[in-house]
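Report on one structure; see the data block that follows.
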Amino acid sequence: QQQVKQSPQSLIVQKGGISIINCAYENTAFDYFPWYQQFPGKGPALLIAIRPDVSEKKEGRFTISFNKSAKQFSLHIMDSQPGDSATYFCAAGFRAAGNKLTFGGGTRVLVKP
Amino acid sequence: GAVVSQHPSRVICKSGTSVKIECRSLDFQATTMFWYRQFPKQSLMLMATSNEGSKATYEQGVEKDKFLINHASLTLSTLTVTSAHPEDSSFYICSVGTSGYEQYFGPGTRLTVT
């Protein structure tokens with residue numbers, strides 16, 4: 001019930017291409033879905049987040065698409081750059097659980113120049 | 001977002017000793033902080049939720065007597081790993097919970113137990 005499944009585990013994309021990472025969840029009580037970016041040896045940084053009352057949110061080159069009926073959400077990185085090479089984590093949370101987050105397994109993205 | 005610091009960034013200790021890690025919220029009064037551990041190439045695993053002025057809430061399987069958490073002020077939470085063993089070697093990361101849903105993470109502390 002608390003799992004968040006993330007795919008793929010790793011991704012290689014050419015500079016300028018689109019990186020797409022998918023997540024699926026089980027618990028319909030989740031009502032907050034953030035994405036985090038983590039560089040090696042650093043803490044995760046909040047990238048973008050969405051609530052289930054909207055189907056899409058865009059911030060710069062990063063877009064979250066959310067499908068409530070399918071219990072899936074995805075991150076699209078447009079015009080991928082070598083500096084985007086990092087590990088990306090999706091997560092899900094809900095207020096009744098004290099805003100605790102359940103994280104997906106992570107996706108290592110490598111953008112080739 | 002909130003700015004979070006951790007100290008130390010790296011620590012090496014001998015097996016059987018205790019290590020304290022500090023997590024500070026630099027620009028936000030945090031009633032709730034979270035402690036995670038992360039093994040190499042793995043995801044973040046929540047260890048406990050730290051609430052200012054009250055006892056921490058530990059996740060299932062986390063030994064509360066081994067991982068002591070103190071949240072004595074709105075800007076400081078500490079994690080003490082007691083009687084550390086090599087299997088406790090990991091990357092420990094704290095986060096600050098805001099009044100909304102957001103969590104902002106510290107830079108992490110690399111613990112190596114020899």
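Chain identifiers are assigned alphabetically (A, B, ...) following the order of the sequence lines, protein sequences preceding nucleic acid strands; residue numbering begins at 1 within each chain. Below, all heavy atoms of this structure are taken into account, side chains as well, without hydrogens, waters or symmetry copies.
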* Asked: What are the residues of residues 42-71 of chain A, in order of number, with any heavy atom under 4.5 angstrom from a heavy atom of chain B?
  -> A:Lys42, A:Gly43, A:Pro44, A:Leu46, A:Arg51
* **Sorted by number, residues from residues 105-113 of chain A in contact with chain B (heavy atoms, under 4.5 Å)** => A:Gly105, A:Arg108
* Structure fact -> Here the salt bridge (charged side-chain N to carboxylate O under 4.0 Å, His left out) pairs for residues 53-64 of chain B, sequence neighbours left out, are A:Lys100-B:Glu59
* Heavy-atom proximity to chain B below 4.5 Å, by part of A:Gln9 -> neither
* Structure fact -> Applying a strict 4.5 Å limit to non-hydrogen atoms, the region of A:Phe103 in contact with chain B is both
* **For A:Phe89 against B:Gln42, the heavy-atom pair lying closest together** => CZ-O, 3.9 Å
* To do: Provide the closest heavy-atom pair for B:Thr98 versus A:Asn99 in the form atom of the first, atom of the second, distance.
  => O-ND2, 4.2 Å
* Using non-hydrogen atoms and a 4.5 Å limit, figure out which bit of B:Ser95 sits close to chain A: side chain, backbone, both or neither. => neither
* B:Leu44 versus chain A, the contacting section by heavy-atom distance below 4.5 Å -> both
ILVMFWY cluster, [X] and [Y] together (side-chain gap under 4.5 Å):
{"X": "B:Phe28", "Y": "B:Val4", "result": "yes"}
{"X": "B:Trp35", "Y": "B:Val11", "result": "yes"}
{"X": "A:Ile77", "Y": "A:Val13", "result": "yes"}
{"X": "A:Met78", "Y": "A:Ile20", "result": "yes"}
{"X": "B:Phe34", "Y": "A:Tyr36", "result": "yes"}

* Looking only at heavy atoms, which of residues 101-113 of chain B get nearer than 4.5 Å to chain A? -> B:Tyr101, B:Glu102, B:Gln103, B:Tyr104, B:Phe105, B:Gly106, B:Pro107
* Report, as yes or no, whether the 6.0 Å neighbourhood of atom CD on B:Gln29 holds more than 12 heavy atoms from other residues, nucleotides or ligands. => no
* **Gap between atom CG of B:Leu46 and atom CG of A:Leu101 - 0.5 Å precision** => 8.5 Å
